[in-house]
There are 2 protein chains.
Amino acid sequence: MKKNELHKTNPNVSVDSVILGFDFNQLNVLLINRDSHQNEEDKILALPGNLIYDNEDLDMAANRVLRELTGIKDIYLDQIGAFGNPDRISKKSDRKWLESIRAHPDARVITIAYYTLVKMEDFVPQPSSFAKSAIWVPLNKVEELAFDHSEILESAVARLRKKIIIHPIGFNLLPNKFTLSQLQKLYESILGRVLDKRNFRRKVLKLAILTQLKEKETGVTHKPASYYKFNKVKYEALVKTGFDNFAF
Amino acid sequence: MKKNELHKTNPNVSVDSVILGFDFNQLNVLLINRDSHQNEEDKILALPGNLIYDNEDLDMAANRVLRELTGIKDIYLDQIGAFGNPDRISKKSDRKWLESIRAHPDARVITIAYYTLVKMEDFVPQPSSFAKSAIWVPLNKVEELAFDHSEILESAVARLRKKIIIHPIGFNLLPNKFTLSQLQKLYESILGRVLDKRNFRRKVLKLAILTQLKEKETGVTHKPASYYKFNKVKYEALVKTGFDNFAF
DNA sequence: TTGCTTAGTGTAAATACAACACTTTCAAAA
DNA sequence: TTTTGAAAGTGTTGTATTTACACTAAGCAA
């Protein structure tokens with residue numbers, strides 16, 4: 001084909017999701033492996049994703065992928081952007097991945113990447129011999145991924161790091177009730193630095209978007225921490241005032 | 001077709017660019033009209049864009065669109081994201097636009113949107129009877145655009161507003177030499193509020209990324225302002241220190 | 001009862017931000 | 001030549017925010 005000629009075959013367009021969860025210690029990403037036959041190239045993991053349907057918009061497609069894989073619906077989802085260098089099918093294993101989502105074999109693939117934050121308790125991967133089993137992998141243990149998924153994952157984390165300073169989306173990663181220390185640990189994991197306990201607590205509580213519960217931790221070998229829950233009503237009210245800084 | 005069936009026809013994928021320029025008074029966006037026949041539906045303007053080629057990556061395609069239209073190359077470009085509701089071809093005129101970029105007629109169109117900041121002096125649209133003539137339109141005079149381009153334009157401005165607080169990309173919109181008042185006016189245009197002159201100057205100068213020139217304004221009927229230029233070397237050094245706040 | 005572990009709390013110094021008014025310099029008009 | 005208009009340029013002060021820092025409280029286990 002002549003260089004720079006318009007394509008005759010339209011590209012495949014898929015949606016891939018970076019699904020992040022927090023295990024009270026570090027961030028984890030949900031990855032899938034194609035099947036359980038452990039050939040060398042089958043060990044390469046990928047972000048969950050699929051081709052978009054004709055009749056759904058992009059956000060719907062991302063929601064569908066999340067729902068089909070985990071059963072979770074109506075969750076916070078944010079588009080990272082489009083990826084798709086023409087030479088992105090570089091690894092031996094990438095072709096197999098493409099077959100598995102029934103992509104047009106001759107066309108390039110462009111993917112619209114999303115990231116989302118979920119409570120890990122909402123999805124516990126089942127040990128399975130089925131194709132496409134999913135596993136939680138701690139961010140610092142992630143190895144090379146299929147296609148350009150490593151790059152997408154990196155973008156997602158960078159985006160989250162910026163966004164969490166401005167919007168308290170971190171609450172999506174925690175159970176409904178949580179302690180201030182858990183919240184602080186979450187922020188430290190995302191931002192990659194330790195925070196001053198007193199300053200953190202003062203700042204969070206001053207926002208007045210948390211409700212302190214009467215309940216406390218039990219069974220711990222130290223002073224039990226008080227549980228809090230996220231107060232969505234107060235948060236919405238706060239946003240309306242033009243609030244835009246949650247910086248630590 | 002059955003609902004939620006995978007598409008048989010891959011979507012068209014195009015790149016659209018929000019090209020912004022500053023005329024020392026307000027922000028302008030570069031729009032094109034399809035041809036000079038002034039039928040009613042031909043008056044609808046659109047963002048410049050085109051289908052991506054088979055062998056180019058997305059950023060390259062956006063650069064190409066910018067270069068083909070204006071001759072400008074190697075400019076700051078930032079991806080906004082992907083747009084493309086399946087029902088986005090809503091207006092009578094939209095089909096004509098699609099024909100003009102030779103899109104596959106039966107497939108939906110997904111577009112990857114970019115925005116870029118240019119010096120208006122670098123591109124002066126020529127009055128033309130050719131198809132697809134381009135014009136600078138002040139942001140507050142923009143009417144309904146083709147497809148979902150109004151939504152894309154809105155996203156671009158919102159993105160710029162956030163980004164300019166953190167990165168001094170505003171210099172891309174000004175000539176090489178400019179006065180502090182021009183710079184302030186630019187920030188006021190983007191942020192949509194007036195800024196205190198003394199506080200603005202103190203803050204900008206403290207960053208030490210501007211070099212004051214010996215040259216002053218001439219021919220003005222008031223005290224002539226000193227010219228400054230952007231010092232890229234000092235800026236890069238500043239970024240390395242972890243600087244991330246240019247807030248006003 | 002002692003020891004270990006994490007929860008929970010206040011203050012002071014340094015820094016950043018916001019508000020505010022007058023003098024200077026040029027060109028044009030009187 | 002003098003006056004006028006118009007924007008450039010310049011510091012200070014009060015307020016709010018950020019940072020740094022150390023001890024007591026409460027539970028469980030040994």
Side-chain angles (χ1 to χ4, degrees), chain A residues 23-25 164-166 168 174-175 177-189 191 193-229 238 241-248, chain B residues 23-26 164-166 168 174-175 177-189 191-229 238 241-248:
Chain A
D23 62 7
F24 298 118
N25 189 42
I164 202 156
I165 291 175
I166 296 180
L174 290 171
K177 61 180 186 185
F178 51 85
T179 71
L180 292 185
S181 293
Q182 287 169 344
L183 183 63
Q184 182 178 343
K185 184 81 202 227
L186 169 61
Y187 270 82
E188 289 177 337
S189 301
L191 298 175
R193 61 191 163 92
V194 297
L195 302 171
D196 180 90
K197 183 164 60 162
R198 277 179 286 195
N199 294 338
F200 179 86
R201 294 163 93 94
R202 184 184 314 119
K203 190 144 190 178
V204 167
L205 292 176
K206 198 172 142 200
L207 289 174
I209 56 176
L210 297 186
T211 304
Q212 185 169 10
L213 305 179
K214 296 218 173 79
E215 198 180 348
K216 285 176 194 277
E217 277 182 315
T218 54
V220 290
T221 169
H222 55 76
K223 180 173 178 180
S226 189
Y227 281 121
Y228 288 79
K229 66 173 187 181
L238 182 62
T241 68
F243 152 86
D244 72 342
N245 199 333
F246 200 59
F248 290 104
Chain B
D23 63 5
F24 298 118
N25 190 42
Q26 59 190 325
I164 202 158
I165 292 174
I166 297 179
L174 290 171
K177 61 181 187 185
F178 51 85
T179 71
L180 292 184
S181 292
Q182 288 169 344
L183 183 62
Q184 181 177 344
K185 185 82 203 226
L186 170 60
Y187 271 81
E188 290 177 339
S189 300
L191 298 175
R193 60 192 164 93
V194 296
L195 302 171
D196 180 271
K197 183 162 62 164
R198 279 179 285 195
N199 293 339
F200 179 85
R201 291 171 165 251
R202 184 184 315 118
K203 189 144 194 180
V204 167
L205 293 176
K206 197 170 143 200
L207 290 174
I209 57 176
L210 297 186
T211 304
Q212 184 168 12
L213 305 179
K214 296 219 173 77
E215 198 180 348
K216 284 175 194 278
E217 278 183 314
T218 54
V220 289
T221 169
H222 55 77
K223 181 172 178 178
S226 189
Y227 280 120
Y228 288 79
K229 66 173 186 181
L238 182 62
T241 68
F243 151 88
D244 71 342
N245 199 333
F246 199 59
F248 290 104

Practice item. Give me the bend of the helix from C/dT1-D/dA30 to C/dA30-D/dT1, using the axes of the five pairs at each end, rounded to 10°. Key: 0°
Study note, to complete from the structure: Residues at least two apart in sequence or cross-chain that pass side-chain contact (heavy atoms from CB on, under 4.5 Å) with A/Gln212, listed by chain then number, are A/Ser226, A/Tyr228
Review point. Rounded to whole angstrom units, what separation is found between the CG atom of B/Leu195 and the C1' atom of C/dC20?
Key: 16 Å
Revision key, fill the gap. Counting primed atoms, P, OP1 and OP2 as sugar-phosphate and everything else as base, the B/S/- map of nucleotides 7-17 of chain D against protein heavy atoms under 4.0 Å is BBBBBB----S
Only distances under 3.5 Å count here; give the side-chain donor-acceptor pairs of residues 215-222 of chain A to other protein atoms, sequence neighbours excluded, each with its distance to 0.1 Å.
unit_1: A/Glu215; atom_1: OE1; unit_2: A/Lys177; atom_2: NZ; d: 3.1
unit_1: A/Glu215; atom_1: OE2; unit_2: A/Lys177; atom_2: NZ; d: 2.5
unit_1: A/Glu217; atom_1: OE1; unit_2: A/Ala225; atom_2: N; d: 2.9

Exercise for review: Check whether any side-chain heavy atom of A/Pro175 sits under 4.5 Å from a side-chain heavy atom of A/Tyr227, and report yes or no.
Suggested key: no
Check your understanding: Residues two or more places apart in sequence or in another chain: which of them pass side chain to side chain donor-acceptor pair (under 3.5 Å) with B/Arg202?
Key -> B/Asn199
Check your understanding: For A/Asn25, which residues count as a side-chain contact (heavy atoms from CB on, under 4.5 Å) partner, sequence neighbours excluded?
Key -> A/Asp23, A/Lys185
Practice item. In whole angstrom, give the distance that lies between atom CZ of A/Phe200 and atom P of C/dT6. Key: 17 Å
Check your understanding: Separation of A/Lys185 atom NZ from C/dT6 atom C1', in whole Å?
Key -> 13 Å
**Study point:** By side chain to side chain donor-acceptor pair (under 3.5 Å) - contacts of B/Ser181 (at least two apart)
**Key:** none
Practice item. With sequence neighbours left out, write down each residue that passes side chain to side chain donor-acceptor pair (under 3.5 Å) with B/Gln184, or none if nothing qualifies. Key: B/Glu188
Review point. Taking side chain as C-beta onward, heavy atoms only, is B/Phe178 less than 4.5 Å from B/Leu210?
Key: yes
